[in-house]
Each structure stands twice: as C-alpha cells, then as structure tokens.
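Per chain, numbering begins at 1; letters A, B, ... match sequence-line order. Note that the coordinates shown come from a computational prediction; the quantities given were computed from them, not determined experimentally.
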There are 2 protein chains.
Amino acid sequence: MFVKAEWSCNLSAKLDLLAAFAEIARGLGNAHRLDLLEHLAQGEKGVETLAAKSGLTVANASQHLQALRRVGLVVGERRGKQVVYRLSGDDVLDLVAALRTVGERHADSVKAVVRDYFNERDALDAVAFQVLEQRLRDGLVTLLDVRPPDEFADGHVPGALNIPLADLKARLAEIPSGAEVVAYCRGPWCVLAFEAVALLRQTGRDAKRLDGGLPEWRRAGRQVAGPPAI
Amino acid sequence: MFVKAEWSCNLSAKLDLLAAFAEIARGLGNAHRLDLLEHLAQGEKGVETLAAKSGLTVANASQHLQALRRVGLVVGERRGKQVVYRLSGDDVLDLVAALRTVGERHADSVKAVVRDYFNERDALDAVAFQVLEQRLRDGLVTLLDVRPPDEFADGHVPGALNIPLADLKARLAEIPSGAEVVAYCRGPWCVLAFEAVALLRQTGRDAKRLDGGLPEWRRAGRQVAGPPAI
DNA sequence: CGAACATTCAAGAGAGTTCTTGAATGTTCG
DNA sequence: CGAACATTCAAGAACTCTCTTGAATGTTCG
C-alpha cells in the first residue's frame, strides 16, 4: 500500500507547537517530579522542605523544581532567604488527575503495583466526597487526616482529626470507637491513607480511604479549614 | 533550617506507582507521538497511513506507536496483513486536552510559537461549538472541513463542506459567498484550519476557526456524520 | 562588613531516548 | 509453497536526562 505524504503545509509550526506541549509532558515524566507536585498541591513550600518530604538531596530537588518551572508547571518566588514554590494553577491539578485516570484505566504497570503493594479491595473501596459529607452530618463517621502536622496546619477538611501515620499505632485510643473511620492524606494515591486503613483494619476497626486527598477536596470547591486561603 | 525526613513508610510502593504514571507522561513527551495521537483521534489507522500523515519513516512510526502502546495510550490490533492502532479510550483525549490547557496558559514556549507562526488574533478569535450550532441553524454560516478526504469520510460534523487545505485555493468558488466561513480540522492546534482562515481572509472572506476539531466535537457528545460509529 | 544560610550552578558518569539502516517476522494471495 | 506485503526487531551513533559532588550566588542578621 502506498500512501501519499500529506505534510506539505507548515509542518515546522505544528511540530514546534507539539514540541512545546511535549516538553510539558516530559516535565511530568519523572516519579520524583510527580511526587514534588503532589507535595506542592498541599500548599506552597520551600526547596529544603520539599527535598526532605520527598527524600531528595537539596541540589537534586532544586534541579527538579527548576525543570518544573521551566515548563510552567510551578512558579517560584524568592521570599527573603528562601525560594518558595507553588503550583502555577489549578489546571496543573487537572492535568495530573487526567494522567492518573489514564493510568488507572489502561496501564498494566499501575495495576501491577496496586496488586503488589496494596490490597486490591482497599484500592477500590474508597468513599466519595458526597458520601463522606452525608455521614459526617449524621455523625456516623470519624474523619482522619494522616498527614504530618505541618500539612494539616496548612489546610484540612473541616472536622478532621489529625493523627500522622507515624503516630497512629500509639494514638489509636484517640479515635472514637464504634463509628466508621475514613482516612485521607495527600491525594488518591498517597500511601499514607492506604497504610492507615490497613493498620486500622488489623485492629478491628471499620476503616476506609477517602477517594481523593486535600487537593482534590479543595479543587472540588469544598470548604477547607485551618490556613489562610491560597 | 533543618527538616526531618518524613518518608519513613512504604516509599518504594509510592515511587513505583509514580514511576508508572511518569512513564505514561513520557509517552506524551515527544512531538511526533503527540502528532500520532492527534491523527488517531480522527479514527483508527494503520502504521503506514500514520507514518505518511506525520512524515515519519514506517519503522520510526512503528517504534513510536509501540511506545504509546507500552504505556497504554493506544491499542493495536492485527487485522489481516495490517496492524490497526486506535486510542485506548476517551480519557486519552481528556489527558491531551489537559496538557494543552496547561500549555496554553503557562508555557512561554507555546505563546512564542503562536506569536511567531500564527496571527495572534486568529488564535484567540475562535468560534465555540454552541455558537456554531446556532448560526448553522440560522443559515448564517458555511462550515468548512479542511482535512484530507479520507479523514472526512471517517467522520465529520454534519453539514460540513469538505475542501482539503491543499485544494482550497483552487476551489474557492465552491464556498457560498456572503455567509461567514468557519473552518475546522483535527483539533484546536491543527495548522490546517489556521492556514485556511488566513487564506480565506486574504481573499476578503469573513472567516474564523472553530474552537476544536472533530475529536473534540465527538467528545462533547455531538452527532458525527459519515462513518460507522467507533 | 563578614558569617550563616538557602538555593543554584557546573561538570561529569551512567542511563535512557531517538533516529537510521537493514534484516527478520508474520500474513495473505496466487 | 513462495512471492509480496505490512510491520517489527536489532544494533549503533548522537543526543538528552538524572544524580552526585563541590563550588558559587544571593540574602539576612549580628
């Protein structure tokens, strides 16, 4: 079969444009950078904080942040001695969410990781925002924020109880017994909530993950308690 | 400032998961692959067709398609002698759309390309689907599909007139005079419609781009004429 | 000003990506 | 079966990405 070439027209304009979009995609094309974006989705942060939270050296985190800034996914602002980074807009959250949707639906590698590391039932058995709100109103549920206290302080779902995952074992007594527990953390794939649910179930509690973390809650236009608004 | 490391928990699970998503992002991270996705958004196609349409060698196109298939963005199916590829789902269109949104809003490089190659006014001055539908009903507008005939045959907006960009100069007489002309092609950034509008304006017509191509029209749940539905 | 601090720059080793070329595989048709 | 066809594989050159290390830059505070 012979097919005539059809790219007679302004090919370089098109390729330049697509190359610009491709550059943005490559900005997302690294696990550490996706991790940094998840942390930045909780709120703006300095380089050293981000490096510590994502387990990178400061120099390396700085380079990744500059890569993200170069393609416009984050913006950095000098504030005194520090440079504070934040997401450049809500559309970045939408982009990462779209990436996750495709990944969940299609990529075998994602399915394999979920199967290997998480209980597959836990992954599917997440509570939607609307359901949570209904049960919170009815007092049927304890909402647990398992992120570190600094992120909790920067903003959290109203009514949530903050017990970081690291302390959860020691502070089980603080969780009212009887009611169902719903845990959330940084996002739909943040491991903190997965592990919290696993631990709570081991101790005989009725625990579920919230389907989405604080950034998704905020993005859905819900009220956020605690911080000065962005 | 000293920040305690916080990644005590199941770090590798998280990084594996993020790496899987990053791999998908890298799948989008190449201009030729984005081009291939745009062509596939028009409808399923064989390797040789795609290679011709995007100006790649067959071997190279095959490799890019396999890269896309590896990360689950497209699926390929052997059909007799040919292997026919198609997008793996509508969420892929949503992902590319999200990428475009971020690019348009944030990336300087995108703005630079638009400024250099296109008339900035043309880029902004696009007609929304709803506006088009209203004017089509009122008979105030001629809708022009400037894609090659094979893609038109695979599906087009009902009522559109097909004049490929390459033939447009020679076939100007076929376009009813008086009415405004709205041109569309493969997507919001497909150059065909940009160039058609530029050409039509040079000849004194009142021409505008449609804000989105056939894939976006289809994705918005509108009726598509011509083909067997996907 | 000089010390302390937060971040960035620069260079280099190692790994991954992309394109080209030519050969190999799998499918159909005479 | 063998020829023709469509696609994929394999290998290599050029290029880009990532992480590490140590030095350089810019900012504040005493």
Would one find a side-chain N or O of [X] under 4.0 angstrom from OP1 or OP2 of [N]?
X	N	value
A/Q63	D/dT20	no
A/S62	C/dT8	yes
B/R78	C/dT25	no
A/N60	D/dT18	no
B/H64	C/dT17	no
B/R79	C/dT28	no
B/Y85	D/dT8	yes

For this session: Between C/dT18, D/dT8, D/dT27, spot the one nearest the side chain of A/K81, thanks.
Result: D/dT27
Exercise. Of the nucleotides D/dT8, C/dT18, C/dT8, which has the atom closest to the B/N30 side chain?
Worked result: C/dT18
For this session: Report yes or no: do A/W189 and A/E38 form a side-chain donor-acceptor pair below 3.5 Å?
Result: no
Exercise. Going by an N to O cut-off under 4.0 Å, is there a salt bridge joining A/R219 and A/D94?
Worked result: yes
Exercise. Considering Watson-Crick and G-U wobble pairs with both distances under 3.5 Å, what does C/dA23 pair with?
Worked result: D/dT8
Exercise. Taking CG from B/L56 and P from D/dT8, how many angstroms apart are they, rounded to a whole number?
Worked result: 14 Å
